[in-house]
Amino acid sequence: MKRLKRSWSDQRQAVSSLDRPVSMSKWSLNPVKLIGFFIVGFMVFTAASVILKDLPSHTRLRLLTEPTLFHVKISPNATEDISHLSITVQKDKLLGGLLPSGFDDRSCLSRHESVLYHKELRQKPSSYLISKLRNYESLHKQCGPYTELYNRSVELIKSGQYRDSADCNYLVWISYSGLGNRMLTLASAFLYALLTNRVLLVDPGVNMPDLFCEPFPGVSWLLPPDFPIIDLLSTFNQESPHCYGYMVKHDIIGNSTGSILPPFIYLHLAHDYDDHDKLFFCDQDQSTLHKIPWLVMRTDNYFVPYLFLMPAFEQELSNLFPEKETIFHFLSRYLFHPTNSVWGLVMRYYQAYLAQADEKLGIQIRVFDTGVGPFKYVVDQITTCLMNENLLPQINREEPILNPSRKQKTIAVLITSLSIGYFEEFRNMYWEHPTVTGEIVGIYQPSQEEHQQTEKLWHERKALAEMYLLSLTDKLVTSAWSTFGYVAHGLGGLKPWILYKPENRTAHNPPCVRAVSLEPCFHAPPYYDCKKKAGTDTSKIVPHVRHCEDVSWGLKLFDQNGEL
């Protein structure tokens, strides 16, 4: 059992990446060339060994077993001079066409290095999605910050009104809530922009540029600091005159043609939104919003599931995502590339403590009860889940040491929690007792921040790094209601075991449930039928939008057969 707590400060190993190619001349079967072939083969083996030795163990296995990642190419035009030999490590850096080309690799190492550490995408992105993303990137380059069309569109805001259609339409996302919420809502906003042919511009907030690389080539996605109403973004609420819900409630805006329209509208889609704000999810209201050149959105909800309940978007969404459970998985891998400072945290910790393990288990612990932990009922619930689901081996309390005849399997357990107490409980469990079946279990926790510190840079760098580290594990346990956990399993394409939220400081029975869907949960959906203009159970409208495993009133996307 590995005894010491591992934190960010005691890491030593550097990360290396490589990318080399293999070509080889064609050999006929005369004796001289046959000898040359064996020489070439030896050189290939030697060079490959040099390449592979510095990669993490699971990547070495993939390179050796998957011909799409590592193979020798024989070029018919190559000369017989073995000096032309080179080695190709075939890596799908662009994730099947999901990512655009044309970036400087060194400016954002995670964009192309993450493929070495993440598992393969669960499904290939559809050709329609790839085409749509390339078209969006062209639109963003044409209409993005400080382009001629952008400057012209900004003048509409300064004028205060307009009648004609705009050259470019925009969606401004307001930085709001914790980091997990921000990532979920930014993915939601981007998908909405994709569906409505708008350019997404991101309020930098305090830390966004320090956490994420630019996802679109050529032009920034960040809202410029001289944007005319940038100082008003933090003040918008449901009572703001520019709020869509407020305007509908007071009959300020309608569907009449030829009327003077406001150049921008604020969309309040946070958890406390009211029935007028929720009209955003009705097709008729979308027709009105379609005429507005600038939409400004504040939300802390992953509202993607409800877009599938809107006839205006349903078919397009099905074309983009034939496998509905892959939406956040694809969008998160497309949009969220940690900056080099964050990626360094991820790689140093992974290489130092996780890479050599035979199996990696992530446990994300989020406790909503107040007080100083660790709470015994939480420890008991997690332990019962781990043992019942065979995620960790049983411990032997009778014998002080076991000497198995075979090589011992190593399991690295990565715990993320604001508290150090849960780490200590599991570390002591596997330090003080051997396992029944002889495995060596190491328990690690990168940080213990004690409480959430939204918008503090180093806190959020560590939080993002820990989400990525969890996404690199083989199996994952997450906490109910936690957007941090949603992001981690979405990035990794992992179906987690979800720990039910304890009630009245009592462990839930059963302690956990295996997620059926990869998708995050929409915690605060409307219960409204836009056609009937009446309340309804929105989980009963279509088979692929149902209630979440962890939030009984929430909505979540499922593939119709429940499996990918």
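One is the number of the first residue; the rest follow in order along the sequence.
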With sequence neighbours left out, what residues match H459 under ring-ring contact (aromatic ring centres under 6.0 Å, His included)?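 Per chain and number, H459 pairs via ring-ring contact (aromatic ring centres under 6.0 Å, His included) with no residue.
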By ring-ring contact (aromatic ring centres under 6.0 Å, His included), which residues pair with W481, not counting sequence neighbours? W553
Please report the C-alpha distance between E323 and H329 in whole Å, then the side-chain angles of each, then the deciding distance to 0.1 Å, and finally whether the side-chain contact (heavy atoms from CB on, under 4.5 Å) criterion is met. CA-CA 11 Å; E323 294 84 19; H329 183 48; over 6 Å; no
How about [X] and [Y]: do any of their side-chain heavy atoms sit closer than 4.5 Å?
| X | Y | value |
| --- | --- | --- |
| E425 | T383 | no |
| F190 | L335 | yes |
| P393 | I411 | yes |

Do any N or O atoms from the side chain of [X] and from the backbone of [Y] form a donor-acceptor pair under 3.5 angstrom?
| X | Y | value |
| --- | --- | --- |
| R111 | L99 | no |
| D203 | G205 | yes |
| H489 | L476 | no |
| T435 | E439 | yes |

Among all residues two or more places apart in sequence or in another chain, which pass the side-chain contact (heavy atoms from CB on, under 4.5 Å) test with [X]?
| X | answer |
| --- | --- |
| K141 | V219 |
| D380 | K376 |
| E389 | C385, L391, W497, C512 |
| S177 | N181, D300 |

Considering only residues two or more places apart or on different chains, which pairs with a residue in residues 342-382 satisfy disulfide bond (SG atoms under 2.5 Å apart)? none
Keeping to residues at least two apart or across chains, list the disulfide bond (SG atoms under 2.5 Å apart) pairs with something in residues 102-137.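 Sorted pair list: C108-C213.
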Specify whether H544 and F308 have parallel, tilted or perpendicular ring planes, treating 30° as the upper limit for parallel and 60° as the lower limit for perpendicular.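 Ring orientation, 0 to 90° scale: perpendicular.
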Can you tell me if [X] and [Y] form a side-chain donor-acceptor pair at under 3.5 Å?
| X | Y | answer |
| --- | --- | --- |
| H118 | S471 | yes |
| S417 | S419 | no |
| Y302 | E519 | yes |

What pair of heavy atoms forms the shortest contact from Y334 to P100, and how long is it? CE1-CD, 3.9 Å
Listed by chain and number, what are the side chain to side chain donor-acceptor pair (under 3.5 Å) partners of [X], not counting sequence neighbours?
| X | answer |
| --- | --- |
| S482 | Q364 |
| D550 | Y486 |
| Y136 | H140 |

Would you please indicate yes or no on a ring centroid separation below 6.0 angstrom for Y444 and Y353? yes
So, for Y430 and F426, is the gap between ring centers shorter than 6.0 Å? no
Are there over 12 heavy-atom neighbours, none belonging to R514, within less than 6.0 Å of that residue's CZ?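 More than 12 heavy atoms, drawn from other residues, nucleotides or ligands, come within 6.0 Å of this atom.
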Listed partners of R505 passing salt bridge (charged side-chain N to carboxylate O under 4.0 Å, His left out), at least two apart: none
